[in-house]
> 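Quick one: structure below, then a few questions.
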There are 2 protein chains.
Amino acid sequence: MGEKKTVAETGRRNDGDPAGSPRPRPRAYHHGNLVDAIVQATISLIEERGTEAVSLREAARRAGVSSAAPFRHFPNKAALMAAVAEQAMERLTASIEAALAETSSLAPMARFEALGRAYLGWAFDNPTHFQVISSRALVDLQASPRLRQQNEAIRLTMTDLLESARRSGELRTDISVDQIVLSARAFGYGLARMHVDGHLPEWHPSEAPKETAMSALASYLRTLRREA
Amino acid sequence: MGEKKTVAETGRRNDGDPAGSPRPRPRAYHHGNLVDAIVQATISLIEERGTEAVSLREAARRAGVSSAAPFRHFPNKAALMAAVAEQAMERLTASIEAALAETSSLAPMARFEALGRAYLGWAFDNPTHFQVISSRALVDLQASPRLRQQNEAIRLTMTDLLESARRSGELRTDISVDQIVLSARAFGYGLARMHVDGHLPEWHPSEAPKETAMSALASYLRTLRREA
DNA sequence: TCCTTATGTAATCAGTGATTACATAAGGAG
DNA sequence: CTCCTTATGTAATCACTGATTACATAAGGA
């Protein structure tokens, strides 16, 4: 029923002062916005120790509350991870949108490539967060409407760009746009996931993995273009 | 130092007879081959309840030994999962080799497609096992030389086939074979992983996901062939 | 002012991976 | 055959985890 107005500064707990201050100073029983605090704690936990090390209790500890407190805001650990994933997905989406905005004057295929580079770039720059938004083990895609919708939005953007490309004669014509979208998603997802899962160590050890991915993307896109 | 000969039937424990038989009948203190028993228990556990539900203790329980016993044979849970993964990888490899044997008389690209179909077919038929051999969360690829080597063998086979295809003029010539191998691996891995991770629900809900993947593979391969 | 509701805590449960000290069986050396 | 080392098992325990319950307090409207 309506958003809860943040109880502006009802007193954060973490104002130093360890081991019980002489003057009790009630110090606010309620946290203010534990939801954000816990999500933030979880994110820092992920960045420091990886997705496997995430624990509800440690997140609670970092937020300075009891281990049962998070359950007031998330029914279970999966729900917390979903919240983290949604936030990560937001950043990925923003990154893609920025790339598309920067290339708004270019041809569809160039913009499609920009989208791909933004996606791969984000995944390689934020491997653990990419892990969160992708592995089912951490968060059930189907259980989070928001995540599903954000995913779908990207897919639709890809479809739009490729349809434009087809109309402008940039795209090969012997494969349906839907098929190409699926193929391209698999390619990008696969490349990112292979990196995250440690399946790309033998490839040009000297070269940075991100650059490897980018040039693989370029080659892949070449196969989609209409022959000159 | 040398393989341990199986102590042939030194007395399995699971010969019914619950709750302590009247005549003690030592019944063999040593299990015989706990390693296999535990790996097998883990596999059945994975099949019944998924990769997330795997627990060393439950596997021990199913093998009829104490919860500390597995640690005599595996330094930790990851090592057990690695053993399971190696076995799964063996089956995947066998499936691919069978497909290649069946198509030994065909042209390189046709055999390359057979390899792809075998890979995707196996992944779609054994999603949880595919999960085990791929996600780093379950087993560290780099820590298991056997797994790495099996993976590398597939990669080499792909390279060989594509080089043959190039020599016979079946393959497009504007992209290096190594690049194509990487791209193809990403495509296949991505498709399989998307399925396993639940990222392929919206695509032709009527069609079976496996068929969807197969036709996506066919389209993808079309982009690799030299233009007629 | 009172009283409902949201939000926190402490205590507890069942389950996990891992380690330790101890017990027993196997199987070769003498 | 006997002894004794070593491989392999067990019970007990530790430090954790996710989750639930009963209880306490704060917020804020009627």
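Because only heavy atoms are used, hydrogens play no part in the values below, and waters and symmetry mates are left out as well, while side chains stay in. Labels below follow one simple rule: chain letters A, B, ... track the order of the sequence lines, proteins then strands, and each chain is numbered from 1.
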> Anything under 30° is parallel, anything over 60° is perpendicular, the rest tilted; go ahead and classify B:H195 against B:F124.
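Rings of B:H195 and B:F124: parallel, as their planes differ by under 30°.
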> I'd like to know if the side chain of B:S215 reaches the main chain of B:T212, judged simply by a donor and an acceptor atom lying under 3.5 Å from each other, with no hydrogens or angles considered.
yes
> Please identify each residue that fulfils side-chain contact (heavy atoms from CB on, under 4.5 Å) with B:A68, with sequence neighbours left out.
B:S66
> Which atoms form the tightest heavy-atom contact between A:V139 and A:A82, and what is the distance?
CG2-CA, 3.5 Å
> Is the distance from OP1 or OP2 of C:dT16 to the nearest side-chain N or O of B:R61 less than 4.0 Å?
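Indeed, a polar side-chain atom of B:R61 lies that close.
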> Taking atom types as modelled, is there a side-chain donor on B:E47 or B:T128 under 3.5 Å from an acceptor on the other?
no
> Which of the following nucleotides, C:dG8, D:dG18, C:dT16, is nearest to the side chain of A:L56?
D:dG18
> In chain order, what residues pass the side chain to side chain donor-acceptor pair (under 3.5 Å) check against A:E58, with sequence neighbours excluded?
A:R49, A:R61, A:R62
> Check whether the side chains of A:R193 and A:Y189 place a donor and an acceptor atom closer than 3.5 Å, and report yes or no.
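The criterion, which ignores hydrogens and geometry beyond distance, is satisfied for A:Y189 and A:R193.
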> Under the rule for side-chain contact (heavy atoms from CB on, under 4.5 Å), what residues qualify as partners of B:I96, not counting sequence neighbours?
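For B:I96, the residues satisfying side-chain contact (heavy atoms from CB on, under 4.5 Å) (neighbours in sequence not counted) are B:L92, B:L100, B:L115, B:A118, B:Y119, B:I154.
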> For the residue pair A:F187 and A:Y220, does the interplanar ring angle fall in the parallel (under 30°), tilted (30 to 60°) or perpendicular (over 60°) class?
parallel
> Looking only at non-hydrogen atoms, find the nearest pair between B:L34 and B:A63 and report the distance.
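Of all heavy-atom pairs spanning B:L34 and B:A63, the closest is CD2-CB, 4.1 Å.
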> Are a donor atom and an acceptor atom from the side chains of B:H129 and B:R91 found within less than 3.5 Å of each other?
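The criterion, which ignores hydrogens and geometry beyond distance, is satisfied for B:R91 and B:H129.
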> Can you sort out the partners of B:R117 under side-chain contact (heavy atoms from CB on, under 4.5 Å), two or more places apart, ordered by chain and number?
B:E113, B:M214, B:L217
> Of all of residues 36-44 of chain B, which get a heavy atom below 4.0 angstrom from DNA chain C, listed by number?
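Within this stretch, nothing sits under 4.0 Å of the strand.
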> So which of residues 69-82 of chain A are in contact with DNA chain D, with a heavy-atom cut-off of under 4.0 Å?
A:F71, A:R72, A:N76, A:K77
> Given atom CG of A:N33 and atom C1' of D:dA27, what is their separation to the nearest angstrom?
16 Å
> Write down the distance between CD (B:E58) and C1' (C:dG15), rounded to a whole number of angstrom.
11 Å
> Going by the salt bridge (charged side-chain N to carboxylate O under 4.0 Å, His left out) test, which pairs reach into residues 122-138 of chain A, not counting sequence neighbours?
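Non-adjacent pairs meeting salt bridge (charged side-chain N to carboxylate O under 4.0 Å, His left out): A:D125-A:K210.
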> Report yes if a side-chain nitrogen or oxygen of B:S55 is closer than 4.0 Å to either non-bridging phosphate oxygen (OP1 or OP2) of C:dG17; otherwise report no.
yes
> Rounded to whole angstrom units, what separation is found between the CZ atom of A:R62 and the C1' atom of D:dT17?
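Taking atom C1' of D:dT17 as the reference, CZ of A:R62 is at 16 Å.
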> If you take all heavy atoms of A:S55 and A:L45, which pair is closest and at what distance?
N-CD2, 3.8 Å
> Any N/O pairs under 3.5 Å between the protein and nucleotides 11-15 of chain D? List them or say none.
none

> Using the salt bridge (Lys or Arg N to Asp or Glu O under 4.0 Å) criterion, which residues pair with A:R57? Sequence neighbours excluded.
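For A:R57, no residue satisfies salt bridge (Lys or Arg N to Asp or Glu O under 4.0 Å) once neighbours in sequence are set aside.
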> Quick check on contacts: within residues 131-140 of chain B, what sits under 4.0 Å from DNA chain D by heavy-atom distance?
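Within residues 131-140 of chain B, no residue comes under 4.0 Å of DNA chain D.
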> Which helical stems does DNA chain C take part in, if a stem means at least 3 consecutive Watson-Crick or G-U pairs with both distances below 3.5 Å?
C:1-30 with D:1-30
> Please identify each residue that fulfils side-chain contact (heavy atoms from CB on, under 4.5 Å) with A:E97, with sequence neighbours left out.
A:T93
> In this structure, how many angstroms lie between the P atom of C:dT24 and the CG atom of B:L34, rounded?
18 Å
